[in-house]
Amino acid sequence: MPSDPALVLWREWETAHKLTERLCLRQQRLKTRLVESVGFPYWTVCQPESEEVTVHSIEALNEVLGKGPDMAALRETGEAQFAAHQARWDAAAGEGGYTAALRAEREARDRAEDLLEAFSTTPATTLAGVAGKLDAVLREGEAWEGCSEFPWPQVRSALSDLMRIAEQMMPEQVFHGEQRPQVRRRRAGCCFRA
């Protein structure tokens, strides 16, 4: 029997999705270490006749201080502080592997998203292929596991029905002990764009 192109695509997506989750967790651990050792770049602005304000970007610094000439020296000091802290962050991120891990996670996520997009133009030829498409949509689209907002309970129910019917009607064609769509699995975090 010829292979279902949607099921082949689902297997590729599943592999890319799992890799993305692993890489996401790795870069999150490395980022936590980086924050603990170097800290996020920031500067506390001490404006004359005002309370202190902590800013985390040059844009925020310029917003707080404005563009006026009376704040030029303070802006220069803040920008220099940011540049120095950003240089420490960048050096530690490179040395500690965070930069490479972040890049790898983004590349894997982009690959998974490209495969997910391909589902819309790839016809399924089996119930298992349809189940694979639904599984990918559910796992990428649902905001959190067990979300009770429309349409996620209905999608989970349809996937469960489809898997049950497919296994009853064509047990020889449904996932011969290999990866298979799940009615729902644990979601690893917030690394995915919806």
Side-chain angles (χ1 to χ4, degrees), residues 13-117 119 135-156 182 184-194:
W13 174 84
E14 172 73 2
T15 299
H17 181 75
K18 285 181 177 181
L19 176 61
T20 301
E21 286 182 334
R22 282 193 310 274
L23 291 171
C24 177
L25 292 173
R26 180 171 184 261
Q27 70 86 7
Q28 287 174 342
R29 282 190 302 273
L30 291 169
K31 184 177 186 177
T32 298
R33 284 190 214 145
L34 185 60
V35 169
E36 289 170 352
S37 67
V38 177
F40 284 114
Y42 75 94
W43 190 56
T44 301
V45 180
C46 300
Q47 293 181 352
E49 300 176 26
S50 181
E51 63 184 57
E52 291 183 348
V53 178
T54 300
V55 293
H56 295 276
S57 70
I58 298 289
E59 294 79 16
L61 174 70
N62 289 328
E63 203 173 288
V64 168
L65 296 178
K67 298 284 186 179
D70 57 327
M71 295 291 178
L74 200 50
R75 259 195 322 277
E76 285 179 31
T77 301
E79 289 174 3
Q81 291 291 327
F82 268 117
H85 200 142
Q86 188 66 52
R88 287 191 305 274
W89 173 277
D90 292 344
E95 292 168 8
Y98 173 70
T99 302
L102 182 61
R103 183 176 38 255
E105 186 264 326
R106 285 180 181 157
E107 289 170 0
R109 180 188 62 220
D110 289 347
R111 171 75 175 135
E113 287 177 357
D114 290 345
L115 291 166
L116 187 66
E117 184 65 31
F119 278 121
D135 175 64
V137 167
L138 179 65
R139 289 167 59 195
E140 281 297 319
E142 188 176 33
W144 65 88
E145 185 176 335
C147 178
S148 61
E149 295 177 13
F150 179 82
W152 305 118
Q154 294 80 4
V155 173
R156 284 191 302 274
Q182 300 294 312
R184 194 62 184 132
R185 290 191 203 169
R186 177 187 67 76
R187 188 169 179 102
C190 58
C191 301
F192 308 101
R193 294 182 294 222

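Just so we're clear, the structure is a prediction, and the values are computed from it rather than from any experiment. Throughout, numbering of the chain's residues begins at 1 and tracks the sequence.
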Using side-chain contact (heavy atoms from CB on, under 4.5 Å), reason through Trp152 and Leu138 one step at a time and then give a plain yes or no.
CA-CA 7 Å; Trp152 305 118; Leu138 179 65; 3.7 Å; yes

In the structure I gave you, are the side-chain heavy atoms of Val155 and Phe150 within less than 4.5 Å of one another anywhere?
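The answer is no, as the side chains (C-beta and beyond) never meet within the 4.5 Å cut-off.
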
Report yes if the side chains of Arg139 and Glu14 come closer than 4.5 Å at any heavy-atom pair, otherwise no.
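Arg139 vs Glu14: side chains touch.
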
When rounded to the nearest 0.5 angstrom, what distance separates OG1 in Thr32 from CD in Gln28?
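Going from OG1 on Thr32 over to CD on Gln28, the span is 7.5 Å.
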
Taking atom OH of Tyr98 and atom CZ of Arg33, what is their separation to the nearest 0.5 Å?
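Between atom OH of Tyr98 and atom CZ of Arg33 there are 13.0 Å.
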
How long is the gap from CG on Leu102 to CG on Leu30, to the nearest 0.5 Å?
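These two atoms lie 10.0 Å from each other.
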
Does atom CD (Glu79) have a neighbourhood of more than 12 heavy atoms from anything else shown, all under 6.0 Å?
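Check passes, neighbour count above 12.
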
Does CD belonging to Gln154 count more than 12 external heavy atoms closer than 6.0 Å?
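Atom CD in Gln154 is crowded, with more than 12 foreign heavy atoms closer than 6.0 Å.
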
At what distance, to the nearest 0.5 angstrom, does CG of Leu115 lie from OG1 of Thr15?
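Nearest 0.5 Å value for the CG-OG1 distance: 9.5 Å.
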
Would you mind reporting whether Glu142 and Arg156 have side-chain heavy atoms less than 4.5 Å apart?
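They are in side-chain contact.
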
What is the minimum heavy-atom distance between Ala112 and Thr20, and which atoms define it?
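Taking every non-hydrogen atom into account, CB-OG1, 4.2 Å.
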
Is there a side-chain contact between Glu52 and Val45 (heavy atoms, below 4.5 Å)?
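No; the side chains remain at least 4.5 Å from each other.
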
Is Phe40 close to Lys31 at the side-chain level, that is, under 4.5 Å between some pair of heavy atoms?
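Yes, side chains in contact.
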
Atom CG in Leu34, atom CZ in Arg88: separation rounded to 0.5 Å?
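One gets 11.5 Å once the value is rounded to the nearest 0.5 Å.
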
Kindly indicate whether the side chain of Trp89, heavy atoms from C-beta on, has any atom under 4.5 Å from the side chain of Val35.
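SC-SC contact between Trp89 and Val35 confirmed.
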
So do Thr54 and Trp43 actually touch side chain to side chain, heavy atoms under 4.5 Å?
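Side-chain contact under 4.5 Å: no.
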
Interatomic spacing from CZ in Arg103 to CG in Leu23 - rounded to 0.5 Å
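Going from the CZ atom of Arg103 to the CG atom of Leu23 covers 12.0 Å.
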
Which atom names give the shortest non-hydrogen contact between Arg75 and Leu61, and what distance separates them?
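Closest pair (atom of Arg75, atom of Leu61, distance): O-CD2, 3.8 Å.
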
Show, in sequence, the C-alpha distance, side-chain angles and deciding distance for His85 and Gln81, and conclude whether the side-chain hydrogen bond (donor to acceptor under 3.5 Å, both in side chains) test is met.
CA-CA 6 Å; His85 200 142; Gln81 291 291 327; over 6 Å; no

Answer yes or no: is there a donor N or O on one side and an acceptor on the other, between the side chain of Arg109 and the main chain of Cys24, under 3.5 Å?
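Pair absent, no side-chain N/O of Arg109 close to backbone of Cys24.
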
Would you say the side-chain atoms of Arg26 pair up with the backbone N or O of Glu105, donor to acceptor, closer than 3.5 Å?
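Absent.
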
Do Tyr42 and Val55 come close enough that some side-chain heavy atom pair is under 4.5 Å?
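With C-beta onward as the side chain, the pair stays apart.
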
